[in-house]
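Residue numbers start from 1 in every chain, and the chains themselves are labelled A, B, ... in the order their sequence lines are given, proteins ahead of strands. Hydrogens, waters and symmetry mates play no part in the numbers below; they use all other heavy atoms, side chains included.
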2 protein chains.
Amino acid sequence: MSDVAAEAGVSPSTVSLFLRRPTAVSAKTGAAIARVIERLGYVPNLMAGGLAAARSRVVGVIVPSMRNAFFAQTVSSLQTLLAQHGFQVMIASADYDDQSELALVQAYLSWSPSALVLTGFHHAVMTRDLLHSAACPVVEMWEHGDHPLDLSVGFSHIEAGRAAARHLVRRGRRQLAFLGARMQEDRRAMQRARGFAEEVAQAGGTVEIVNHPRPASAETAAGLVGMALAKRPGIEGVATSNDTLGLGVLFECARRGIDVPGDLAIIGFGDLEFSGFTNPSLSTIRPFGDVIGEEIARLLLACFETGERPANRAVDTGFVVVERGSS
Amino acid sequence: MSDVAAEAGVSPSTVSLFLRRPTAVSAKTGAAIARVIERLGYVPNLMAGGLAAARSRVVGVIVPSMRNAFFAQTVSSLQTLLAQHGFQVMIASADYDDQSELALVQAYLSWSPSALVLTGFHHAVMTRDLLHSAACPVVEMWEHGDHPLDLSVGFSHIEAGRAAARHLVRRGRRQLAFLGARMQEDRRAMQRARGFAEEVAQAGGTVEIVNHPRPASAETAAGLVGMALAKRPGIEGVATSNDTLGLGVLFECARRGIDVPGDLAIIGFGDLEFSGFTNPSLSTIRPFGDVIGEEIARLLLACFETGERPANRAVDTGFVVVERGSS
DNA sequence: CTGTTAGCGCGTTCAC
DNA sequence: GTGAACGCGCTAACAG
């Protein structure tokens with residue numbers, strides 16, 4: 001920076017000022033500085049800047065899994081929007097583990113981030129404490145509830161589960177099941193299962209929640225179909241914890257000669273890229289992952305403007321039931 | 001840190017030393033420091049550390065797209081392994097754009113990272129210059145070639161394309177096509193297409209490369225099948241640029257009453273989680289994305305030990321042809 | 001094995 | 001609108 005200043009014939013602090021608030025410097029000086037920066041290929045040292053300012057233009061994001069298409073959408077749109085305003089997004093995966101999440105929060109905090117974005121409302125006690133006393137806004141995403149730490153952007157998984165149930169009931173199905181993968185770890189999937197079961201019970205149907213401990217895959221799905229059929233031979237409809245599982249159920253039904261939706265109606269979750277094009281096409285619930293990212297970016301950028309830690313605020317991004325051939 | 005030092009009755013630099021090389025401090029002093037750190041909940045300021053040391057324990061990773069399951073595997077395993085050794089992985093997506101990649105490299109460089117991991121060998125000229133003069137090792141992943149910047153870990157996409165062609169030819173197919181999505185941007189897919197075409201030509205078959213400008217989806221696949229059939233009605237086998245597309249082709253064939261593999265043999269790429277469970281199961285090429293991540297971690301950790309920028313070294317992680325029902 | 005001494009490159013007052 | 005002084009929290013020699 002002092003090289004730039006020397007070349008431009010000004011002092012380093014003028015260069016610094018120009019970099020942070022270009023309008024606070026005279027147009028002529030600014031242009032001269034910009035020219036030198038370009039010519040010298042000067043890149044500011046963000047660590048020095050962050051150290052001096054006691055905060056960095058980093059936004060730390062923690063997702064439960066990198067291999068999940070849902071969060072990929074959110075992270076992708078969030079990153080694009082924040083990058084446009086000069087914020088760096090750091091992404092890490094907690095692998096559905098509270099202690100990993102804690103470690104990541106500590107790691108992020110040591111970068112004096114501008115904001116922290118976590119997935120869901122559930123955290124280890126120590127994590128909550130750290131976040132409470134954090135100097136930056138905290139966003140909890142992909143869930144919706146009344147008491148976010150600061151900000152939350154997402155939707156109610158209980159309601160999503162209920163909606164899936166209502167859809168199947170409306171289609172005349174009463175003997176239902178919720179098929180889930182890795183629900184012992186995936187709290188949001190578990191909430192959908194709960195909502196589903198509650199709604200079915202209210203509608204006077206029967207319901208079975210079946211979990212497979214391994215991650216969702218077509219293989220897992222085959223196992224789940226077997227289990228569900230063993231428990232309830234007369235099953236008429238199933239909801240799955242995501243569309244990958246739904247796809248697997250679709251294939252397993254084809255293999256077993258079960259007619260979809262005649263014998264069995266299926267509704268998935270997530271509306272993945274293939275869901276509209278399976279045969280029959282897969283009914284599902286679309287969660288608007290990209291909107292979650294956009295909304296987070298919008299809220300955070302507003303915070304950064306004012307410089308204050310925001311008041312509690314929960315944004316419901318909702319979801320829609322996508323009715324297709326499988327139900 | 002001085003608080004910790006005061007509490008422990010030592011000087012700040014002893015605390016610093018303990019944090020960086022615990023064995024360089026006497027066991028008794030170390031234990032005392034550790035206790036105070038725990039009690040005070042001290043978290044080191046990594047920016048200050050990075051500034052003083054002129055490098056941070058950050059590894060910057062740039063992938064072409066967050067929404068791609070292949071890279072998710074690599075990033076996931078890479079992050080897990082590096083985190084175990086106290087390195088933070090920062091992930092960003094360049095969205096298949098050279099200029100975005102350049103901007104990301106600049107952003108990362110300003111963090112004085114311990115290493116940079118990019119995808120592929122193709123970069124903007126200015127990016128190459130920056131990387132050349134970078135103070136840290138640079139890894140180019142997901143491709144294999146003779147002249148990496150420093151390190152490369154991946155496999156040859158030309159060979160992968162050739163292997164797909166050989167597989168179909170061995171199955172008695174001669175009139176072939178390569179169906180790709182977004183290949184104008186995805187250089188690796190384009191290389192597979194090239195390898196495929198070369199091999200088919202050598203085997204005396206006919207070949208057509210069909211590209212769809214939009215990203216891979218079942219919808220894209222339907223369009224591609226139509227285009228391929230229009231150009232070559234007698235087509236006997238296709239390779240797709242990835243399994244999502246392969247899945248779409250499978251569905252489209254079912255819809256059109258084309259028997260797979262009787263009328264048309266299909267081989268995909270990627271071996272995604274659903275590929276083994278479609279109906280018929282999808283033949284494909286498995287790239288070992290997680291191994292790429294592990295290998296990168298191994299090489300980088302070795303570099304960090306020695307502290308030197310590594311000599312040119314290209315690791316070929318290979319791939320395997322997975323022969324299933326669709327071919 | 002421990003403490004002392006100098007910065008790392010910049011942001012942030014405050015004068016001018 | 002611009003510059004000087006100071007310090008952010010830590011690391012890296014070195015001396016002890």
Side-chain angles (χ1 to χ4, degrees), chain A residues 1-34 36-37 40-58 86 88 106-114 135-136 304 307, chain B residues 1-34 36-37 40-58 86 88 106-114 135-136 304 307:
Chain A
M1 189 182 249
S2 31
D3 291 356
V4 174
E7 284 284 312
V10 297
S11 91
S13 54
T14 306
V15 176
S16 171
L17 190 59
F18 170 72
L19 252 24
R20 283 169 295 127
R21 296 172 45 212
T23 54
V25 167
S26 72
K28 212 177 59 179
T29 318
I33 294 175
V36 176
I37 285 179
L40 263 49
Y42 167 72
V43 178
N45 183 324
L46 297 184
M47 290 194 297
L51 182 58
R55 62 188 205 79
S56 66
R57 293 176 76 84
V58 161
Q88 265 277 100
Q106 289 182 321
Y108 278 150
L109 284 178
S110 72
W111 286 105
S112 311
S114 287
C136 67
F304 299 158
Chain B
M1 187 181 252
S2 29
D3 290 357
V4 173
E7 284 284 311
V10 297
S11 89
S13 56
T14 306
V15 177
S16 170
L17 189 60
F18 170 72
L19 252 24
R20 283 170 295 129
R21 298 171 45 212
T23 54
V25 168
S26 71
K28 210 179 56 178
T29 317
I33 294 175
V36 176
I37 286 179
L40 264 48
Y42 167 71
V43 178
N45 183 324
L46 296 185
M47 288 195 297
L51 181 59
R55 61 188 205 78
S56 66
R57 292 174 77 84
V58 161
Q88 265 277 99
Q106 289 182 321
Y108 278 151
L109 284 178
S110 73
W111 286 105
S112 311
S114 287
C136 67
F304 300 158

Engineer: Using a heavy-atom cut-off of under 4.0 Å over every strand shown, decide if B:L17 touches base, sugar-phosphate, or nothing.
Structural biologist: base
Engineer: From CE of A:M47 over to P of C:dG11, roughly how many Å is that when rounded to an integer?
Structural biologist: 13 Å
Engineer: Where is the tightest heavy-atom contact between A:M47 and B:L51, given as atom of each residue plus distance?
Structural biologist: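 Shortest heavy-atom separation between A:M47 and B:L51 comes out as CE-N, 3.9 Å.
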Engineer: So does B:T14 get a side-chain nitrogen or oxygen closer than 4.0 Å to the phosphate oxygens (OP1/OP2) of C:dC1?
Structural biologist: no
Engineer: If you pin B:G30 and A:G50 to their nearest nucleotides in DNA chain C, which one's is more 5'?
Structural biologist: B:G30
Engineer: So, is A:S26 near the phosphate of D:dT2, with a side-chain N or O under 4.0 Å from OP1 or OP2?
Structural biologist: yes
Engineer: Do you know the tightest heavy-atom contact between A:P44 and A:L19?
Structural biologist: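 Here A:P44 and A:L19 meet closest at CG-CD2, 4.5 Å.
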Engineer: State which of C:dT2, D:dG1, C:dG9 makes the closest approach to the side chain of A:T29.
Structural biologist: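 Selected nucleotide (nearest to the side chain): D:dG1.
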Engineer: Write down the distance between CZ (A:F18) and C1' (C:dT12), rounded to a whole number of angstrom.
Structural biologist: 19 Å
Engineer: Heavy atoms from C-beta onward define the side chain here; which of D:dC8, C:dC8, D:dT2 lies closest to that of A:V25?
Structural biologist: D:dT2
Engineer: NA contact type, B:P44, heavy-atom cut-off 4.0 Å: base, sugar-phosphate, or nothing?
Structural biologist: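 Counting heavy atoms under 4.0 Å across all strands, the contact made by B:P44 is with sugar-phosphate only.
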Engineer: Dump the pairs, protein N or O against N or O of nucleotides 12-15 of chain D, anything under 3.5 Å, distances to one decimal.
Structural biologist:
from   : atom 1 : to    : atom 2 : distance (Å)
D:dA12 : OP2    : B:R20 : NH1    : 2.7

Engineer: Can you tell me how far C1' of D:dT2 sits from CE of A:M1, to the nearest Å?
Structural biologist: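 Rounding to the nearest Å, CE of A:M1 and C1' of D:dT2 are 14 Å apart.
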Engineer: In whole angstrom, give the distance that lies between atom CD1 of A:I33 and atom C1' of D:dG3.
Structural biologist: 12 Å
Engineer: Could you tell me whether A:Y42 contacts a base, only the sugar-phosphate backbone, or nothing, with contacts defined as non-hydrogen atoms closer than 4.0 Å?
Structural biologist: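 Sugar-phosphate, backbone atoms only, no base.
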Engineer: What is the distance, to the nearest angstrom, from the CG atom on A:L19 to the P atom on C:dG11?
Structural biologist: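 To the nearest whole Å, that distance equals 7 Å.
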Engineer: What is the distance, rounded to the nearest whole Å, between atom CH2 of A:W111 and atom C1' of D:dC8?
Structural biologist: 15 Å
Engineer: Kindly give the heavy-atom pair with the smallest separation between A:I33 and A:F18, and that separation in Å.
Structural biologist: CG2-CD2, 3.6 Å
Engineer: Calculate the interatomic distance between A:L46 atom CG and C:dC10 atom P; express it in whole Å.
Structural biologist: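 Rounded to the whole Å, the gap is 9 Å.
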Engineer: The helix from C:dC1-D:dG16 to C:dC16-D:dG1: angle between its terminal axes, five pairs each, to 10°?
Structural biologist: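 Both end axes considered, the difference amounts to 20°.
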Engineer: Indicate the atoms forming the closest heavy-atom contact of A:A5 with A:S11, along with that distance.
Structural biologist: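 Closest heavy-atom pair between A:A5 and A:S11: CB-C, 3.6 Å.
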Engineer: With a 4.5 Å limit on heavy-atom distance, are the side chains of B:L40 and B:E7 in contact?
Structural biologist: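 B:L40 reaches B:E7 side chain to side chain.
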Engineer: Using whole Å, what does the distance between atom C1' of nucleotide C:dG7 and atom CG of B:L51 come to?
Structural biologist: 9 Å
Engineer: Any idea which heavy atoms bring A:T14 and A:V25 closest together, and the distance?
Structural biologist: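 Heavy atoms of A:T14 and A:V25 come nearest at O-CG2, 4.1 Å.
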Engineer: Which atom names give the shortest non-hydrogen contact between A:F304 and A:S114, and what distance separates them?
Structural biologist: CE2-O, 3.2 Å
Engineer: Is there a donor-acceptor pair closer than 3.5 Å between any side-chain N or O of A:S56 and the backbone N or O of A:W111?
Structural biologist: yes
Engineer: Less than 4.5 Å apart, any side-chain heavy atom of B:R55 and any of B:C136?
Structural biologist: no
Engineer: Using modelled atom types and a 3.5 Å cut-off, is there a donor and acceptor pairing between side-chain atoms of B:R57 and backbone atoms of B:G86?
Structural biologist: yes
